[in-house]
Number of protein chains: 2
Amino acid sequence: MTDLPLADLDVFAAVAQHRSFRAAAKLRNVSASSLSDSVRRLEARLGVRLLNRTTRSVTPTDAGERLLQRLRPGLADIAAALDGVNDFRDRPVGRLRLNVPGIVARTILPDIAARFLALHPGITLEVSTNDALIDVIGEGFDAGVRYEESLQPDMIAVPIGPRLQHYVAAAAPGYLAAHGVPAHPQDLLQHRCILHRFSSGRMLAWVFEEKGGRELSILPPARIIAETSDLEVELACRGLGIVFSFEDFLRPALARGDLVSVLQDWSPSFSGPFLYYNSRHHMPSPLRAFVEFLRAEHKRAEAV
Amino acid sequence: MTDLPLADLDVFAAVAQHRSFRAAAKLRNVSASSLSDSVRRLEARLGVRLLNRTTRSVTPTDAGERLLQRLRPGLADIAAALDGVNDFRDRPVGRLRLNVPGIVARTILPDIAARFLALHPGITLEVSTNDALIDVIGEGFDAGVRYEESLQPDMIAVPIGPRLQHYVAAAAPGYLAAHGVPAHPQDLLQHRCILHRFSSGRMLAWVFEEKGGRELSILPPARIIAETSDLEVELACRGLGIVFSFEDFLRPALARGDLVSVLQDWSPSFSGPFLYYNSRHHMPSPLRAFVEFLRAEHKRAEAV
DNA sequence: ACGACCTGTTCGGATATTCGTACAATGACT
DNA sequence: AGTCATTGTACGAATATCCGAACAGGTCGT
């Protein structure tokens, strides 16, 4: 019962789960060599090899796999027990690890995060931006923010931020003076457009919406294809073409007059993002506080 | 999920359970100051006091008690998972912690332990001698050896050592020459006897048994009262009186001729000791191996 | 087939943890 | 009430752990 090499076991579980020393090291902000030492120490103590590792792959041995499976629930229990201490405090303390799309991190999250953190001084927010990742929990995050309605079971979705967001097409005044102002989405086919490619490789479709409700999807000729929205906006401001992005994201440029929105009557709207978390896992206090905060915000917004 | 202060949590659980820093330190062979540091570190990290401690008592706070309760199953799971690695080895490796009466440690255990350890080179045997303790599991032992049939629930008893043991009364030849040889237990009342007091304070009664089966309990006049059997034997060898103890324990002195047994026809017998362990706990591999070993020994002895 | 990148590991120096001793405080015994 | 053994803690020394850079080896792309 006594003298458990708990720290090393925890390290082993992390490495085995991520199948990588360096990835596990990055996630817990320690060096890879430390993890290497820990695993070696543990294997020496047990007298059994737990991980078959080459420089390009880390695979648990049979013993390692079995140990990992049996270890995981215990570690999860302990994490939950540790978090339970928060019940004895007025305000929860701990870390909240979110994985959000880059665009959300720049538009709707700053405001929400600022108010949430002001309310909970003890909570540390750790935001990773990743547009592609789906298995948010498996990567060690408490929750993720996504736009699509997830189909994964046991996932709970909580609205976060505005429930209605808009795409806006916009261009620099100089560009419009030179190339004319499009009056109909079809006109875009004659324009120079700045397209966005997701990290998954998929292209963002330019979807427009008539006042009546009819949708119109267009893939305009690409002048530029980029993956980072900042670059797209910057190029648009310099008059290189029409950009199509979140209204929230373009707002500063529009306010400054660097960009002018076009096709306002066709401005498409879409539902806002959701915070997703797994209902089967223990809910850490910081996450619980965040969800409560979002629910209160949502309720307040609906009441208006 | 990550960055659990597992080592400190383990320390906290040990200290909280034993309600003593020094006791917990002794049991895991580390210094008390180290445990003090660990608990302070954990409390600082959590921002919550877990143990109320004066120099004479250690009591969990509400938060500490709750944390302890929630922590224990996880730690037990991990210990079990760790032990599970033994399944991937031909011979189990680990530590077996036994708590046995002092007399057993000197008579029947040496032979058993020697053969068992020869069979399992990877096992470390840690024997504590304690005649009074009952809650063997709570103190961190894997199993205990006791003579009395335990009434505790969930305890499994396995015969260990000879199933029939004998008490023997004996004295030095010189003493018998001077004071005569008792022919009947009643004669002991006229002799000088060396009595044994258990650490509980109870005196060992001299129980005799007629060939027919009739029992006769006598509390002879005390010349000497001792708590350590070695002292009693030594004094008897020097002719100070009649000693009454385990035949196994007196055998060397009898063989040397330093002592001569008396009242052989009244020699009382009693059932041998049992190994007790808790059926509700996970059974560590070393304990499992030991029980199997004892069962095999028992079967072999019965077959003869 | 070869090169280039990325991986896990090694090694000496830096850091945090642990130890042993000394001390103040507590509570049981007389 | 006084005494005293025993407990938890503080502090400098010893130790183990951790880090960062260099190394060796595998894998993928060309």
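In the text below, chain A, chain B and the rest are named by the order of the sequence lines, each starting its count at 1. Every heavy atom of this structure was used, including side-chain atoms; hydrogens, water molecules and symmetry mates were not.
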- Query: Are the side chain of A:Asp142 and the backbone N or O of A:Arg97 linked by a donor-acceptor pair below 3.5 Å?
  - Reply: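 Yes.
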- Query: Would you say A:Glu43's side chain and A:Val48's backbone share a donor-acceptor pair under 3.5 angstrom?
  - Reply: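 Here the side-chain-to-backbone pair does not exist.
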List in chain and number order the residues that pass side chain to side chain contact (heavy atoms under 4.5 Å, CB included) with [X], two or more places apart in sequence or in another chain; answer none if no residue qualifies.
X: B:Asn52; value: B:Arg49, B:Thr61
X: A:Val93; value: A:Asn86, A:Arg89
X: A:Asn29; value: none
X: B:Ala24; value: B:Ala14, B:Val15, B:His18, B:Leu35

- Query: So where does chain A start and stop touching DNA chain D, 5' to 3', when the test is distance under 4.0 Å to a non-hydrogen atom?
  - Reply: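 It runs D:dT17 to D:dT27.
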- Message: For A:Arg192, I'd like to know if atom CZ has over 12 heavy atoms of other residues, nucleotides or ligands within 6.0 Å.
- Response: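 Counting neighbours around CZ of A:Arg192, 12 or fewer heavy atoms of other residues, nucleotides or ligands fall under 6.0 Å, so no.
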- Sub-4.5 Å side-chain heavy-atom contact between B:Arg146 and B:Tyr276: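 They are in side-chain contact.
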- Close side-chain approach of B:Pro92 and B:His120, heavy atoms under 4.5 Å: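 Sidechains of B:His120 and B:Pro92: in contact.
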- Message: Short of 4.0 Å, heavy atom to strand atom, which residues of residues 61-69 of chain A count as contacting DNA chain D?
- Response: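 By residue number: none to list.
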- Message: What is the distance, to the nearest angstrom, from the NZ atom on A:Lys26 to the P atom on C:dG8?
- Response: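 Going from A:Lys26 (NZ) to C:dG8 (P), I get 10 Å.
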- Query: How many Å lie between CG on B:Leu6 and P on C:dT17, as a whole number?
  - Reply: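 Value for this atom pair: 14 Å.
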Contacts under 3.5 Å, N or O only, protein and nucleotides 12-16 of chain C:
none

- Task: Determine, for nucleotides 19-30 of chain C in 5'-to-3' order, which nucleotides have protein heavy atoms under 4.0 Å from the base (write B), from only the sugar-phosphate (write S), or from neither (write -).
- Result: BB----BBS---
- Message: Going by the rule salt bridge (charged side-chain N to carboxylate O under 4.0 Å, His left out), which residues pair with A:Arg40 if we only count those two or more places apart in sequence or in a different chain?
- Response: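 Salt bridge (charged side-chain N to carboxylate O under 4.0 Å, His left out) check on A:Arg40 returns A:Asp37.
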- Query: With sequence neighbours left out, what residues match A:Arg41 under salt bridge (charged side-chain N to carboxylate O under 4.0 Å, His left out)?
  - Reply: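 If we apply the salt bridge (charged side-chain N to carboxylate O under 4.0 Å, His left out) test to A:Arg41, skipping adjacent residues, the hits are A:Asp8.
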- Task: Heavy atoms only: give me the nearest A:Phe12-A:Gly64 pair and the separation to one decimal.
- Result: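 Smallest interatomic distance, heavy atoms only, reads CZ-O, 3.3 Å.
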- From A:Leu67 atom CG to A:Leu51 atom CG, the distance as rounded to the nearest 0.5 Å: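 Separation between the atoms: 9.5 Å.
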- Hey, what bend do you get for the helix from C:dA1-D:dT30 to C:dT30-D:dA1 if you fit axes on five pairs at each end, rounded to 10°?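 It comes to 40° between the two terminal axes.
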- Query: Looking at residues at least two apart in the chain, or sitting in another chain, which of them share a ring pair (Phe, Tyr, Trp, His ring centres under 6.0 Å) with B:Phe244?
  - Reply: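 If we apply the ring pair (Phe, Tyr, Trp, His ring centres under 6.0 Å) test to B:Phe244, skipping adjacent residues, the hits are B:Tyr167, B:Trp206, B:Phe208.
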